[in-house]
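Here the structure comes first, spelled out in structure tokens, and everything after it is commentary.
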Protein chains: 2
Amino acid sequence: MSGQIIALQPNLHALRDRCANCSMHELCLPMGLDNDELQRLDGIIKKRRRVLKNDYLYRMGDKFQNLYAIRVGHFKTVYTDAAGTEQVTGFQMAGELLGFDAISSDQHQCNSIALEDSEVCEVPFDRLEELFRDIPGLQRHFHRMMSQEITREQSIMLLLGNMRAEQRLAAFLVNLSTRYSQRGYSAHAFQLRMTREEIGSYLGLTIESISRLLTRFKKNGWLNVESKEIQINDLPKLKTLVTASAAESLSR
Amino acid sequence: MSGQIIALQPNLHALRDRCANCSMHELCLPMGLDNDELQRLDGIIKKRRRVLKNDYLYRMGDKFQNLYAIRVGHFKTVYTDAAGTEQVTGFQMAGELLGFDAISSDQHQCNSIALEDSEVCEVPFDRLEELFRDIPGLQRHFHRMMSQEITREQSIMLLLGNMRAEQRLAAFLVNLSTRYSQRGYSAHAFQLRMTREEIGSYLGLTIESISRLLTRFKKNGWLNVESKEIQINDLPKLKTLVTASAAESLSR
DNA sequence: CGTTTAATTGATCACTATCAACCGTCGTGG
DNA sequence: CCACGACGGTTGATAGTGATCAATTAAACG
């Protein structure tokens, strides 16, 4: 009997691997699609890929073929310029889409590395663009996701260009808290998946500064931190910090 | 006779205003389209809009309806966060597309302001998305442009996160030089359309720093600057500067 | 366990912000 | 026509933030 069922789905991945059953589908690419559309999207996502901690999802220069939707786990993207300067440009978690930067040149422009054992869905971009013709809602949602990536980066530009170290770290923690909360996890207690060094690179600060700031935040009672475990005690205070610099510069 | 020709194009703007005759069309949205496709794109671009110096092309919070392709002139985008911190997030010139940030939320996320008397083509986004179904090449090129905006911002993140003041300004000037050169203008002599303050805001530096750096560059013989007129004497030197920081951090 | 990698803490230094004074240009109105 | 103010830009003196250098501790891993 189970043999029959398998015969009816010759090419498909197991049921549990389908978008409709994925706990992330309300945040991810298939958001808002109806059942029929969901199946068509599922039809082009042939492969689920496991990526072990510290392994590359893709490397700079790799030919661009797929976007990747994170099912489980965390990634960082590391951008390297012509001369070798490295910077972490983002941390991604389940439900987020990776690889937008590669579309323009048909080559990946950065490295994507798993921060823990993870799993992604490979979305062939050519086939996705074809699907857009038949599913306008999918096209629109894709454009929204790409646009969101642009505004995300703009707010990091603001952070890097205008904020002091303390505000940058506060903004970073508030951002993590928000994203975990959107995923149904606690906004107040979570685990950092990245090292202090990676946080520093992302925020344009040194590892020493990150370390000092965390201990200062702890002394102030705003949070508890024990190696990678974070417990935020005063989220409103952190949020205030982020907007404080602006208030100052306005009052002058 | 000319009357007949006009009668055959009831709804259309003057011939000189069409994509096919626009000197920017090899950089802009219509890149790579054939004649028929070009006309269809033209068909949805109903309006050319003049924007005078210091006027807003759009404001934060404005409802999103159009993307804007710059025909003539220069713009800046200014991003303001919840608390009022302002930062210039980009300078745009002829042939470039504006408004990507608004797609995700149906509202513009930043202000776009003309740096001089300018002219743009209004591209209704709904109609553009419809066109994508019939013109895959247009869809692909649009995705490339959006992706390019993402990588552009990533390189600014690198600049703001990793580079010293001197390198930031050098990178900025080299970037302008490249873009003017792509548009058929001199790579060595051009006019700054923005103030020192706007440059500073963009690069995460103060106006005083920009001023000091420009005089230092001048003293070193790398360039001449007379108010807004820039003449670059040693472009290779400026390019070297940009990559210098990387070399240092690698050699340690 | 021994070795490597990550994180903490302290002392010092340098870059760039900040504060302040001044100059030049432009536009406006007395 | 000149006076005035507004604005953009330059230059100098000083100070503060966060980088750098260095030493030590803690955690991770084979």
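Throughout, protein chains are lettered first and strands after them, A, B, ... in sequence-line order, and every chain is numbered starting at 1. Keep in mind it's a predicted model, so treat the numbers as computed, not measured.
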Which residue pairs pass the salt bridge (charged side-chain N to carboxylate O under 4.0 Å, His left out) test with at least one member in residues 87-104 of chain A, sequence neighbours excluded?
-> A:Glu96-A:Arg179, A:Glu96-A:Arg183
Under 3.5 Å, is there a donor-acceptor pair between the side chain of A:Ser201 and the main chain of A:Glu197?
-> no
Is the centre of the B:Phe190 ring less than 6.0 Å from the centre of the B:Tyr185 ring?
-> no
Whole-Å distance separating the CZ atom of B:Phe217 from the P atom of D:dT10 | 14 Å
Given axes from five pairs at either end, by how many degrees does the helix from C:dC1-D:dG30 to C:dG30-D:dC1 bend, rounded to 10°?
-> 40°
Atom-to-atom span, CZ of B:Arg168 to P of C:dC15 - whole angstrom = 14 Å
Give, for atom CG of B:Leu160 and atom CZ of B:Arg168, the distance between the pair rounded to the nearest 0.5 Å.
-> 5.5 Å
note: B:Arg216, atom CZ; D:dG12, atom C1'; distance rounded to Å ~ 15 Å
Going by atom types alone, do B:Thr77 and B:Gln92 pair a side-chain donor with an acceptor below 3.5 Å?
-> yes
Using a 4.0 Å cut-off on protein heavy atoms (strictly under), produce a 5'-to-3' string for nucleotides 5-14 of chain C with B for base contact, S for backbone-only sugar-phosphate contact, and - for none.
-> --SBBBB---
Should B:Glu119 and B:Arg48 count as an ion pair when the cut-off is N to O under 4.0 Å?
-> no
Starting at atom CE of A:Met163, determine the distance to atom P of D:dT17, rounded to an integer number of angstrom.
-> 17 Å
Just how far, in rounded Å, is C1' of D:dG8 from CZ of B:Arg193?
-> 18 Å
Remember a base hit wins even if backbone is also touched, and classify B:Gly204 as base, sugar-phosphate or nothing at under 4.0 Å, heavy atoms.
-> sugar-phosphate
For B:Leu205 and D:dG9, what is the distance between atoms CG and P respectively, to the nearest whole Å?
-> 15 Å
Taking only residues two or more places apart in sequence or in another chain, which ones pass side chain to side chain donor-acceptor pair (under 3.5 Å) with B:Thr151?
-> none
B:Ile199 CD1 to D:dT10 C1', straight-line distance once rounded to whole Å = 14 Å
Using atom CG of B:Leu169 as one end and atom C1' of C:dC15 as the other, report the distance to the nearest whole Å.
-> 16 Å
Would you give me the side-chain donor-acceptor pairs under 3.5 Å for residues 212-222 of chain B, sequence neighbours excluded?
| from | atom 1 | to | atom 2 | distance (Å) |
| --- | --- | --- | --- | --- |
| B:Thr215 | OG1 | B:Ser211 | O | 3.2 |
| B:Thr215 | OG1 | B:Arg212 | O | 2.7 |
| B:Arg216 | NH1 | B:Glu166 | OE2 | 2.9 |
| B:Lys218 | NZ | B:Val225 | O | 3.1 |

Side chain to side chain donor-acceptor pair (under 3.5 Å) with B:Gln65: which residues, sequence neighbours excluded?
-> none
